[in-house]
Student: 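One structure is given below, represented as structure tokens, and several questions about it will come after.
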Amino acid sequence: LAKTTQPISMDSYEGQEVNITCSHNNIATNDYITWYQQFPSQGPRFIIQGYKTKVTNEVASLFIPADRKSSTLSLPRVSLSDTAVYYCLVDNNAGNMLTFGGGTRLMVKP
Amino acid sequence: GAGVSQSPRYKVAKRGQDVALRCDPISGHVSLFWYQQALGQGPEFLTYFQNEAQLDKSGLPSDRFFAERPEGSVSTLKIQRTQQEDSAVYLCASSFAPLYEQYFGPGTRLTVT
């Protein structure tokens, strides 16, 4: 499984766009990139998944450059409720377990 | 049910005691997972069930950890002779079928004193 590297923490303010970048230099051809969100005292929740280029849903956008060695989760106009830990996972979806790294702790301030 | 539920939400055990943590997956979900999350870290895989069969237990840290899902629905994670290093949040997740999206419960926070 490819190892991921992402910032330990980030601060932002309400209404700003937040971009969290994840490095995965050893990503394999069959690997997908998935982001999870975890609020305090809750389990992780799936946000978005992509393979290449750009994916957008009602929650976030995921940008993946052509070499796929990194990815950026973009949260538009964050609110206080977006304060959470965000995990970047790289997996080929062939196994069953999820492998989480340390995540990025996002703090949104008023 | 509406989601994955776990009980108890909080458990305090004295070192050496046995504990049992329960997971109620989403009804009809075939796959069930247990993860351990230490403070400030991401969840780590413990074990995986497909229906009642335990297909992967490679993440269980020692033989003090035991999981079962006898009827293919509710699962119990048992920890014998608890140690302080067992203190963590234990998360359960279920999915409709293998390789489908996993839905997590709120976790059980275990504190061993």
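By convention in this document, chain letters (A, B, ...) are assigned in the order of the sequence lines, proteins followed by strands, and residues within each chain are numbered from 1. Everything quoted here is computed from the prediction, not taken from an experiment.
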Student: Does any heavy atom of chain B fall under 4.5 Å from the side chain of A/Arg105, the backbone, both, or neither of them?
Tutor: side chain
Student: Can you confirm whether B/Phe104 sits close enough to A/Tyr36 that some side-chain heavy atom of one is under 4.5 Å from a side-chain heavy atom of the other?
Tutor: yes
Student: Tell me, yes or no, whether the heavy-atom count around B/Glu71 atom CD, taken from other residues, nucleotides or ligands under 6.0 Å, exceeds 12.
Tutor: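 Not buried by this count: 12 neighbours or fewer within 6.0 Å.
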Student: Cluster question for you: counting only ILVMFWY and a side-chain heavy-atom cut-off of under 4.5 Å, with indirect links fine, are A/Ile33 and A/Tyr86 together?
Tutor: yes
Student: Could you report the tightest heavy-atom contact between A/Pro44 and B/Leu91, atom names first, then the distance?
Tutor: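 Between these two residues, the closest heavy atoms are CD-CD1, 3.9 Å.
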Student: Decide if atom OH of A/Tyr13 counts as having more than 12 heavy atoms of other residues, nucleotides or ligands within a radius under 6.0 Å.
Tutor: no
Student: Counting only pairs under 3.5 Å, give me each side-chain donor-acceptor contact of residues 31-38 of chain B, with atom names and distances, residues two or more places apart or in other chains.
Tutor:
from	atom 1	to	atom 2	distance (Å)
B/Ser31	OG	B/Tyr48	OH	3.4
B/Trp34	NE1	B/Ser75	OG	2.9
B/Tyr35	OH	A/Leu98	N	3.0
B/Tyr35	OH	B/Gln102	OE1	2.9
B/Gln36	NE2	B/Tyr90	OH	2.9
B/Gln37	OE1	A/Gln38	NE2	2.9
B/Gln37	NE2	A/Gln38	OE1	2.9
B/Gln37	NE2	A/Tyr87	OH	3.1
B/Gln37	NE2	B/Gln41	O	2.8

Student: Are B/Pro106 and A/Ser41 packed together at the side-chain level, in the sense that at least one heavy-atom pair is separated by less than 4.5 angstrom?
Tutor: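 No, their side chains stay 4.5 Å or more apart.
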Student: Checking heavy atoms, do the side chain of B/Arg109, its backbone, both or neither come under 4.5 Å from chain A?
Tutor: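 Neither part; nothing is under 4.5 Å.
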Student: Working to the nearest 0.5 Å, report the span between CD of B/Glu101 and CZ of A/Arg45.
Tutor: 9.5 Å
Student: Taking atom OH of B/Tyr103 as the centre, report whether more than 12 heavy atoms of other residues, nucleotides or ligands fall under 6.0 Å from it.
Tutor: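 Result for OH/B/Tyr103: open.
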Student: Taking only residues two or more places apart in sequence, or in another chain, which ones meet B/Glu68 in a salt bridge (charged side-chain N to carboxylate O under 4.0 Å, His left out)?
Tutor: B/Lys78
Student: Heavy-atom count check: over 12 atoms from other residues, nucleotides or ligands less than 6.0 Å from B/Arg64 CZ?
Tutor: yes
Student: Spell out, yes or no, whether B/Phe45 and B/Ile79 are grouped together once hydrophobic residues are joined by side-chain heavy atoms under 4.5 Å, including indirect joins.
Tutor: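 No.
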Student: Give the interface residues of residues 54-61 of chain B toward chain A, defined by a heavy-atom separation under 4.5 Å.
Tutor: B/Asp56, B/Ser58
Student: List, one per line, each side-chain donor-acceptor pair under 3.5 Å for residues 56-63 of chain A, sequence neighbours excluded.
Tutor:
from	atom 1	to	atom 2	distance (Å)
A/Thr56	OG1	A/Ser61	OG	3.0
A/Asn57	OD1	A/Val59	N	2.9
A/Asn57	OD1	A/Ala60	N	2.8
A/Asn57	ND2	A/Ile47	O	2.8

